Amino acid sequence: MLRCCTKCSRDFPATTEFFHIVDRKISATTLRGDCVECFRTRLRLRYATSEKARSDLTASTRRRRARADVKEKERIYAREKKRKDRSTEEGAARLRDYVRTWRAANPEKYERYKTTTYKGVTPKVLAKNRTRDLRKTRATPPWVELSLITPFYEYAAALTKQTGIRYSVDHIMPLKGKDSSGLHVPWNLQVIPLADNIKKGNRLCQM
Ligand SMILES: [Zn+2]
């Protein structure tokens, strides 16, 4: 069954893929007159032109986002979206542009970001989490002492703070090497600039 959009007069199948439901609380099947696309355009326009619509939306969004379950859902959604965007040439370029614009608009925040530890996590917690995660992949032998791992993360954080260049803990023999797998043990750790670590990837030598 086709349904004609009241705004753009195009015909679409009368399903929730093309028409939003008016109000789920009242009826789960009553569809809006305008198509999904027209509805979205109208909302965007309202948001862009009306200060009230903007503040209304912000307030309700704020309330929604304060909920723990919503927070978790949004976190997962954002991560998946970023991954998807990055997978295409165009999406990756758009992300790069966005980051560049953000950095230019927020120089102080960017400086702070560069010189704090990874996503605001303390080196101690970072070492603990990383060691725990690598236990699952069996890169961390059961006898490894966390107290010997943590100093590497503390050193990386201290260097980052001192120099303004981001340092990270690298596995000398990569955890997922081409021919062999390194371990998450003190003698396989070294502190190097994050950029070098990323460049190195899973290779044994720096390129
Ligand atoms: Zn339409």
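Read the numbers this way: they start at 1 and go in the same order the structure lists the ligands and their atoms. In this text, all values refer to a predicted model and were calculated from it rather than measured experimentally.
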### Query
Does a salt bridge link Lys7 with Glu37, judged by any charged N lying under 4.0 Å from a carboxylate O?
no
### Task
Could you check if a side-chain atom of Arg135 sits within less than 4.5 angstrom of a side-chain atom of Arg130, using non-hydrogen atoms only?
no
### Query
Do Pro123 and Thr150 touch side chain to side chain, with heavy atoms closer than 4.5 Å?
no
### Task
Can you check the number of protein N/O/S atoms within less than 2.8 Å of the Zn ion (ligand 1)?
4
### Task
Indicate, with yes or no, if Trp143 and Ile149 share a hydrophobic cluster defined by side-chain heavy-atom contacts under 4.5 Å among Ile, Leu, Val, Met, Phe, Trp and Tyr.
yes
### Task
Indicate the ring-plane relationship of Phe19 and Phe12, choosing parallel, tilted or perpendicular according to the 30° and 60° boundaries.
perpendicular
### Query
Considering only heavy atoms from C-beta outward, does the side chain of Arg83 approach that of Glu80 to under 4.5 Å?
yes
